[in-house]
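Contents: one structure, followed by commentary.
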Amino acid sequence: MQALPSIAFGGFSGSAKGVTARQVDGRTILSVRCWPTGLATGAQLARRASLKKISKSWVALTDDQRKDWDRLAEHSSGASVFGQKAEISGMNLYVRLNANRVMAGEAIIADAPASQVAVPNVSYTEVVMTPQLIVFTGIKHEPSPYKLVVKMSSSQSPGISSGWSKTVIISSDTEDDWGEADLTKLYLKTIGVEPVPGQKVFIESYWLDTSTGFTGQLLRDTVVVTGESSYQPRKRVTMDNLDPDTEQHVSALDIEYSTGAPIIYFDAVCLGHDNIASSRATLDTALPAELIGLSFAMGRGMGENGDLHPQSYQIQAVNYGQKTEINFQYRGGKYVKPTEVFGPGIFYEQ
């Protein structure tokens with residue numbers, strides 16, 4: 001939308017065809033209506049529908065609730081006009097914050113937040129961008145209720161210097177995993193095609209406080225797509241990696257290996273054998289030799305009366321032919337089944 005000052009329509013407000021005039025701080029601003037240049041994506045249609053729903057919900061608020069939103073709006077601002085922060089109404093603020101919350105999967109709030117909150121700024125080391133891998137690395141983690149919103153463009157010519165109008169939301173609720181966020185599947189699902197080596201992708205990101213809907217400062221970045229990268233994603237073993245033709249003794253499994261240190265993280269529920277204080281998970285393929293070894297982790301079993309019983313486990317991975325067996329071997333504490341084995345441990349390669 002193009003906003004222009006005018007001296008020909010002094011004191012005039014209203015719309016005529018594709019032009020709208022409004023009064024802002026004694027100025028008459030003419031806005032030229034923008035028309036869509038392409039088909040709306042599913043995400044854009046869903047967001048428009050949510051905005052309509054949120055706007056309609058404003059009339060259901062009580063007078064006191066509307067007054068609270070108006071008071072909060074007095075300390076907030078909209079987009080700047082000629083270098084001056086524009087005022088924002090209580091209704092507009094209500095719609096803006098709730099639209100952010102709905103985008104992140106949260107419910108609409110009727111009561112205004114007590115005050116405007118300060119939201120952290122995004123900080124990361126780099127963005128790895130290849131046709132097969134899109135990863136944010138070195139993210140400075142922010143705990144709940146903060147979620148990372150990421151917008152990206154499709155591949156653009158490297159000669160384009162400003163492609164921010166082409167970015168779309170890739171993820172509205174990204175949670176970093178040990179300072180990294182893999183957005184490969186989300187990018188391909190949203191954009192529809194792989195990024196092209198040698199071309200440029202525009203990136204916008206910010207933290208969203210899901211409890212209030214307030215957002216942090218927008219961080220803009222660009223990255224040139226490479227054909228390959230030296231970045232090595234961490235190896236992770238989950239229930240999807242289990243051999244479907246082998247009896248398993250776990251009902252939950254999530255094991256993650258660190259690439260920068262001999263550390264392994266466990267989150268598993270062990271069911272145990274009938275007569276052995278051990279549980280086995282058999283994978284459908286063999287792990288690389290550098291991931292074969294043993295580690296130790298804590299466990300906790302739930303007794304019949306609801307008491308938690310701390311335990312300790314030795315976890316050993318062994319390759320047999322084309323498959324890997326991971327054995328959770330009980331080592332201490334009161335043995336109670338089932339047992340949750342969890343937390344980090346030092347990995348010893350064998």
If only side-chain N and O atoms count, and only distance matters, is there a donor-acceptor pair under 3.5 Å linking Thr339 with Gln311?
yes

Would you please indicate if the ring centroids of Tyr124 and Phe136 are separated by under 6.0 Å?
yes

Determine whether Ser155 and Phe202 make a side-chain contact, defined as any pair of heavy atoms from C-beta on separated by less than 4.5 Å.
no

I want to check something: taking the side chain as every heavy atom from C-beta on, are Thr184 and Leu186 in contact at a cut-off of under 4.5 Å?
no

When you compare the side chains of Gln350 and Gln316, does any donor N or O come within less than 3.5 Å of an acceptor on the partner?
yes

Report yes if some heavy atom in the side chain of Asp254 is under 4.5 Å from a heavy atom in the side chain of Thr238; otherwise report no.
yes

So CD1 of Ile160 and OG of Ser162: to nearest 0.5 Å the spacing works out to 9.5 Å

Under the 3.5 angstrom rule, does the side chain of Arg101 hit a backbone N or O of Thr210 as a donor-acceptor pair?
yes

Donor-acceptor contact below 3.5 Å, side chain Ser279 vs main chain Cys270
no

Between CG of Leu133 and OH of Tyr231, what distance do you get to the nearest 0.5 Å?
6.5 Å

Is there side-chain contact between Val102 and Ile54, with heavy atoms separated by less than 4.5 Å?
yes

Check: Trp164 main-chain N/O paired with Thr167 side-chain donor or acceptor under 3.5 Å
yes

Same cluster or not: are Ile326 and Val269 linked, directly or through other Ile, Leu, Val, Met, Phe, Trp or Tyr residues, by side-chain heavy atoms under 4.5 angstrom apart?
no

Would Ile255 and Leu253 count as a side-chain contact (heavy atoms from CB on, under 4.5 Å) here? Give the steps.
CA-CA 7 Å; Ile255 303 175; Leu253 183 68; 3.7 Å; yes

Do Ile134 and Val225 belong to the same hydrophobic cluster, where Ile, Leu, Val, Met, Phe, Trp and Tyr are linked whenever their side-chain heavy atoms lie under 4.5 Å apart, directly or via other members?
yes

Rounded to the nearest 0.5 Å, what separates atom CD in Glu74 from atom CD in Gln116?
12.5 Å

Which atom of Gly227 lies closest to which atom of Pro131, heavy atoms considered:
O-CD, 4.0 Å

So Tyr257 and Phe347, would you call those rings parallel, tilted or perpendicular, with 30° and 60° as cut-offs?
perpendicular

Of Leu283, Asp284, Thr282, Val237, the one forming a side chain to side chain contact (heavy atoms under 4.5 Å, CB included) with Leu242 is Leu283

Joint cluster assignment, Leu188 & Val128, ILVMFWY side-chain distance < 4.5 Å
no

Report yes or no: is the cationic atom of Arg300 (NZ for Lys, CZ for Arg) under 6.0 Å from the centre of the six-membered ring of Phe342, at an angle within 45° of the ring normal?
yes

Before accepting this row, confirm whether a basic side-chain N of the pair Asp63/Arg66 lies closer than 4.0 Å to the acidic partner's carboxylate O.
yes

Counting only N and O atoms by type, is there a donor-acceptor contact under 3.5 Å from the side chain of Asn100 to the main-chain atoms of Leu208?
no

Roughly how far, to the nearest 0.5 Å, is CD of Glu204 from CE of Met152?
11.0 Å

Nearest 0.5 Å please: distance from the CD1 atom of Ile315 over to the CG atom of Asn327.
10.5 Å

Is Val223 close to Ile203 at the side-chain level, that is, under 4.5 Å between some pair of heavy atoms?
yes

Do Val95 and Trp58 have side chains that get closer than 4.5 Å, going by heavy atoms?
no

Are Lys140 and Glu142 close enough, and set up right, to give a side-chain contact (heavy atoms from CB on, under 4.5 Å), and what steps lead you there?
CA-CA 7 Å; Lys140 182 181 178 182; Glu142 298 295 342; 4.2 Å; yes

Backbone of Val149 reached by a side-chain donor or acceptor of Ser171 within 3.5 Å
no

We want to know whether Gln248 and Thr246 form a side-chain donor-acceptor pair, criterion being a heavy-atom distance below 3.5 angstrom.
no

Atom of Val201, atom of Pro195 and distance for their closest heavy-atom approach
CG2-CB, 4.4 Å

Taking the side chain as every heavy atom from C-beta outward, state whether Pro197 and Thr130 have any atom pair closer than 4.5 Å.
no

I'd like to know if the side chain of Thr324 reaches the main chain of Leu287, judged simply by a donor and an acceptor atom lying under 3.5 Å from each other, with no hydrogens or angles considered.
yes

Please check this pair: side chain of Asn98 against backbone of Tyr94, looking for a donor-acceptor N/O pair closer than 3.5 Å.
yes

Ala289 versus Glu349, closest heavy-atom pair with distance
O-OE2, 4.0 Å

Closer than 3.5 angstrom, by distance alone: can the side chain of Gln199 be matched with the main-chain N or O of Val196 as a donor-acceptor pair?
no

In terms of heavy-atom contacts, does CD of Glu290 have more than 12 from other residues, nucleotides or ligands at under 6.0 Å?
yes

Nearest 0.5 Å, what's the NE2-CD1 distance between His75 and Ile88?
13.5 Å

Of all heavy-atom pairs linking Ala317 and Leu291, the shortest is CB-O, 4.3 Å

Could you go through the side-chain contact (heavy atoms from CB on, under 4.5 Å) check for Phe296 and Gln314 one step at a time?
CA-CA 5 Å; Phe296 299 88; Gln314 174 181 297; 3.5 Å; yes

Treating Ile, Leu, Val, Met, Phe, Trp and Tyr as nodes and any side-chain heavy-atom pair under 4.5 angstrom as an edge, say whether Ile276 and Tyr313 lie in one connected cluster.
no

Check whether Tyr187 and Val150 end up in the same hydrophobic cluster, where Ile, Leu, Val, Met, Phe, Trp and Tyr are linked by side-chain heavy atoms less than 4.5 Å apart.
yes

Heavy atoms only: give me the nearest Ala110-Leu61 pair and the separation to one decimal.
CB-CD2, 3.6 Å

Run Thr226 and Met129 through side-chain contact (heavy atoms from CB on, under 4.5 Å) and show every step you take.
CA-CA 6 Å; Thr226 59; Met129 180 78 66; 6.0 Å; no

Side chain proximity check, Phe266 to Ser295, heavy atoms < 4.5 angstrom:
yes

Tell me yes or no: between the side chains of Ser211 and Asp209, is some donor less than 3.5 Å from an acceptor?
yes

What closest approach, in Å, do Ala297 and Val341 show between heavy atoms, and which atom pair accounts for it?
CB-CG1, 3.9 Å

Would you find a donor on one side and an acceptor on the other, under 3.5 Å apart, between the side chain of Lys56 and the backbone of Leu51?
no

Mark yes when over 12 heavy atoms from residues, nucleotides or ligands other than Gln217 sit less than 6.0 Å from its CD; otherwise mark no.
no

